[in-house]
Amino acid sequence: MLNSLFLDFRRRVPLGHQRLMLACLLSISLLLLWPSSQRQTQSGMGVLPLLLGIGLQHAPQQLEQLPLSQLTAWVGDKLRTEPVEDPFIKVYNIASGDSLSRIFSRYNLGYQTVQQVMAADESLLALDVLRPGNRLTLQLDEEGQLQSMELYIHAGKKVLYERVAADEFAYQELLDEGVWQKDILVGDVFGSFYASAQRAGLNDADIYNINQLFKDRINFARDIQAGAQFQVLRSENYVGEESTGQSRIEAIRILNRRQTLTAFMHNDGQYYDANGDSLERAFSRLPLNNNVRVSSHFNPRRLHPITKRVSPHNGTDFPLPIGTPVIAPADGVVTRIENHPFAGKYIEIQHFGGYKTRYLHLSRFNVQRGQRVTRGQRIALSGNTGRSTGPHLHYELHVNNRPVNPMTAHIPLARPVPAESKAAFATRVKQLTAQMEQQTLLAKQQSAAEEVVAD
Ligand SMILES: [Zn+2]
């Protein structure tokens with residue numbers, strides 16, 4: 001509707017007039033966005049009143065020379081930076097392809113500030129991959145220097161970077177666990193399993209996880225028959241009303257013609273089939289071919305060896321000659337290949353079931369971003385890149401986005417349900433199966449009723 005109006009407008013009104021009208025519209029919207037107190041006094045003559053002036057007096061000539069595509073890009077840019085009352089606070093919504101240094105330069109913050117914030121982020125690496133939907137809120141002082149910055153990742157996760165010295169920042173994670181809401185999604189397979197699962201309300205990460213769960217038992221592209229039923233008990237994470245985008249599969253049943261596939265998450269966080277056999281693929285303790293000495297342990301309260309400040313050591317360090325092969329401890333997908341001024345060349349791998357690993361200070365990458373890797377595959381050579389006290393591998397293991405001690409953490413060993421919790425597991429399987437069956441029945445009754453109405 002709006003679209004056709006716009007086309008109509010473009011057809012009927014001469015180009016020069018179109019631009020004039022757009023300029024007026026822009027000026028009016030900027031006028032509305034600009035806080036009234038500042039409109040009257042015009043004291044803090046920032047960039048916005050300047051643009052406003054252009055909008056009102058010179059726009060017809062100036063914007064006349066701008067092609068429409070550039071004009072809309074310019075408007076988009078204005079809208080990404082939210083207007084706020086306080087002139088020392090800047091809010092910036094991340095667009096795809098944004099980098100911290102580009103964003104900082106638009107607020108006249110130099111590369112030194114970028115470096116200082118990146119140094120604070122070394123053990124978190126949250127600023128390395130900025131995504132649309134993330135938001136930065138910058139607090140400047142009267143000299144235009146950055147005092148603090150909040151990175152909003154989702155409703156349950158924010159990171160605050162605060163200036164702690166003239167040349168140094170420190171970070172603080174602001175986490176909210178939220179609540180997990182359960183839902184049973186059911187459907188029949190028509191076309192691909194992927195499309196059918198999407199129709200039922202599962203997202204890409206859910207579908208990837210389901211694929212991984214049954215990878216050894218079925219080929220999804222070939223062996224799922226049309227009309228196969230699936231039942232999924234899924235939880236989604238919410239903080240207040242807002243979804244954080246995190247979800248997990250708690251139970252799934254796929255009723256194929258000759259075969260029923262089942263997976264249930266047990267109280268140890270691992271998946272087993274209805275008989276209690278493991279669906280996990282084993283994880284190696286070390287990402288190395290040989291056992292080696294540890295030079296620095298996982299330590300959330302460590303004093304940084306170079307800055308001498310408390311800064312968590314989120315991994316385990318192994319002293320290694322440069323060029324030692326680093327291997328994937330489990331199957332997964334390479335999600336990051338980055339070169340960080342302090343973490344050096346590093347890799348991140350997302351594994352199945354909420355496990356993630358990171359490898360820092362590498363000398364060479366043997367994989368690419370997006371590549372699938374298997375347990376035991378060589379992914380890189382160790383090195384001494386970034387801020388490092390000597391050649392070593394810094395290895396991190398994260399479970400559900402939290403760093404844990406890679407040397408002692410509970411890792412999947414691909415063993416059946418432990419004997420002591422076998423009875424509890426069987427009871428839960430029975431309960432959940434009954435719930436999912438009931439939901440399937442309800443859905444069938446509902447679609448039958450809808451068909452009657454349609455007739
Ligand atoms: Zn380390």
Side-chain angles (χ1 to χ4, degrees), residues 1 133 154-156 177-215 217-267 269-276 279 352-354 400 424-455:
M1 161 72 181
H154 56 65
E177 295 275 340
V179 289
W180 289 88
Q181 284 184 19
K182 288 180 189 172
D183 198 8
I184 296 177
L185 306 170
V186 299
D188 295 333
V189 175
F190 290 108
S192 70
F193 175 73
Y194 178 82
S196 314
Q198 256 193 340
R199 267 200 303 275
L202 294 160
N203 65 31
D204 281 3
D206 297 330
I207 299 169
Y208 171 74
N209 280 332
I210 294 169
N211 258 287
Q212 289 296 304
L213 266 175
F214 299 126
K215 201 169 79 170
R217 307 196 174 194
I218 196 166
N219 178 333
F220 273 86
R222 201 186 57 206
D223 303 335
I224 296 251
Q225 283 123 358
Q229 273 179 24
F230 55 91
Q231 310 167 332
V232 184
L233 173 60
R234 176 182 184 271
S235 323
E236 192 166 340
N237 186 242
Y238 284 86
V239 171
E241 297 281 286
E242 203 175 333
S243 167
T244 64
Q246 302 172 94
S247 61
R248 64 182 179 219
I249 307 283
E250 304 223 355
I252 175 167
R253 298 175 79 231
I254 300 177
L255 301 112
N256 212 10
R257 201 170 301 154
R258 274 184 227 98
Q259 168 195 34
T260 298
L261 297 163
T262 56
F264 295 86
M265 188 190 269
H266 192 31
N267 57 19
Q270 306 205 16
Y271 290 98
Y272 302 88
D273 66 16
N275 299 321
L279 289 162
F352 166 73
N400 295 325
F425 178 76
T427 308
R428 194 170 133 81
V429 166
K430 219 166 144 184
Q431 275 173 0
L432 296 183
T433 303
Q435 284 175 19
M436 291 191 286
E437 285 289 355
Q438 197 187 1
Q439 186 63 38
T440 303
L441 205 68
L442 274 172
K444 288 222 180 299
Q445 285 168 355
Q446 206 168 12
S447 71
E450 275 162 17
E451 269 169 44
V452 170
V453 172
D455 286 350

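No hydrogens, no waters, no symmetry mates; every other heavy atom, side chains included, goes into these values. Residues take their numbers from the sequence shown, with the count starting at 1. Nothing here was measured: the structure is a model prediction, and the numbers come from that model.
- Annotation: the span from Thr260 atom OG1 to Asp273 atom CG amounts to 11.5 Å, rounded to 0.5 Å.
- Under the 4.5 Å side-chain criterion, counting only non-hydrogen atoms from C-beta, Gln270 is in contact with Tyr272.
- The number of heavy-atom neighbours closer than 6.0 Å to CD of Gln438, taken from other residues, nucleotides and ligands shown, is 12 or below.
- Between Asp223 and Arg217 there is no salt bridge, since no side-chain N of the basic residue sits under 4.0 Å from a carboxylate O of the acidic one.
- Remark: Lys430 NZ is loosely packed, at most 12 non-hydrogen atoms of other residues, nucleotides or ligands lying under 6.0 Å away.
- Two residues are said to be in side-chain contact when any heavy atoms from C-beta on lie closer than 4.5 Å; Lys444 and Gln229 meet this criterion.
- Among all heavy-atom pairs drawn from Leu279 and Ala263, the shortest one is CD1-CB, 3.4 Å.
- The minimum heavy-atom distance linking Ala200 with Leu185 is given by the pair O-CD2, 3.5 Å.
- With a 4.5 Å cut-off on side-chain heavy atoms, Ile252 and Phe214 count as touching.
- Between Leu432 and Gln231, the closest side-chain pair of non-hydrogen atoms is not below 4.5 Å.
- Between Ala251 and Met436, the closest heavy-atom pair is CB-CE, 3.9 Å.
- Thr244 places no side-chain N or O within donor-acceptor distance of the main-chain N or O of Gly156, the cut-off being under 3.5 Å.
- Atom CD in Gln259 sits 8.0 Å away from atom CD1 in Ile224 (nearest 0.5 Å).
- Using modelled atom types, one side-chain atom of Asn219 and one backbone atom of Ala221 make a donor-acceptor pair closer than 3.5 Å.
- Classified by interplanar angle (parallel below 30°, tilted 30° to 60°, perpendicular above 60°), the ring pair Phe193/Phe220 is tilted.
- Residues Ala274 and Val429 share a closest heavy-atom pair of CB-CG1, 4.0 Å.
- Within the model, atoms CD1 of Ile254 and CG of Leu213 stand 9.0 Å from one another, a figure rounded to the nearest 0.5 Å.
- Between Ser196 and Phe230, the shortest heavy-atom distance links the atoms O-CZ, 3.5 Å.
- Between Asn203 atom CG and Tyr208 atom OH the span is 13.5 Å, to the nearest 0.5 Å.
- Put simply, NZ on Lys182 and CD on Glu250 are 4.5 Å apart, with the number rounded to the nearest 0.5 Å.
- A side-chain donor-acceptor contact under 3.5 Å links Arg199 to the backbone of Phe190.
- When all heavy atoms of Met265 and Arg248 are compared, the closest pair comes out as CE-CD, 4.3 Å.
- For the pair Ile249/Ile210, a side-chain contact is recorded, criterion being any heavy-atom separation below 4.5 Å from C-beta on.
- A 4.5 Å side-chain heavy-atom check between Tyr194 and Asp204 finds at least one atom pair inside the cut-off.
- Between the CD atom of Gln435 and the OG1 atom of Thr440 there is a distance of 11.5 Å, given to the nearest 0.5 Å.
- Looking only at distances, no side-chain donor or acceptor of Asn209 sits under 3.5 Å from a matching main-chain atom of Phe352.
- Listed for the Asn256 side chain is a donor-acceptor partner under 3.5 Å among the backbone atoms of Gln225.
- Taking the side chain as every heavy atom from C-beta outward, Glu236 and Asp183 never approach each other to under 4.5 Å.
- Under the 4.5 Å side-chain criterion, counting only non-hydrogen atoms from C-beta, Leu441 is in contact with Gln445.
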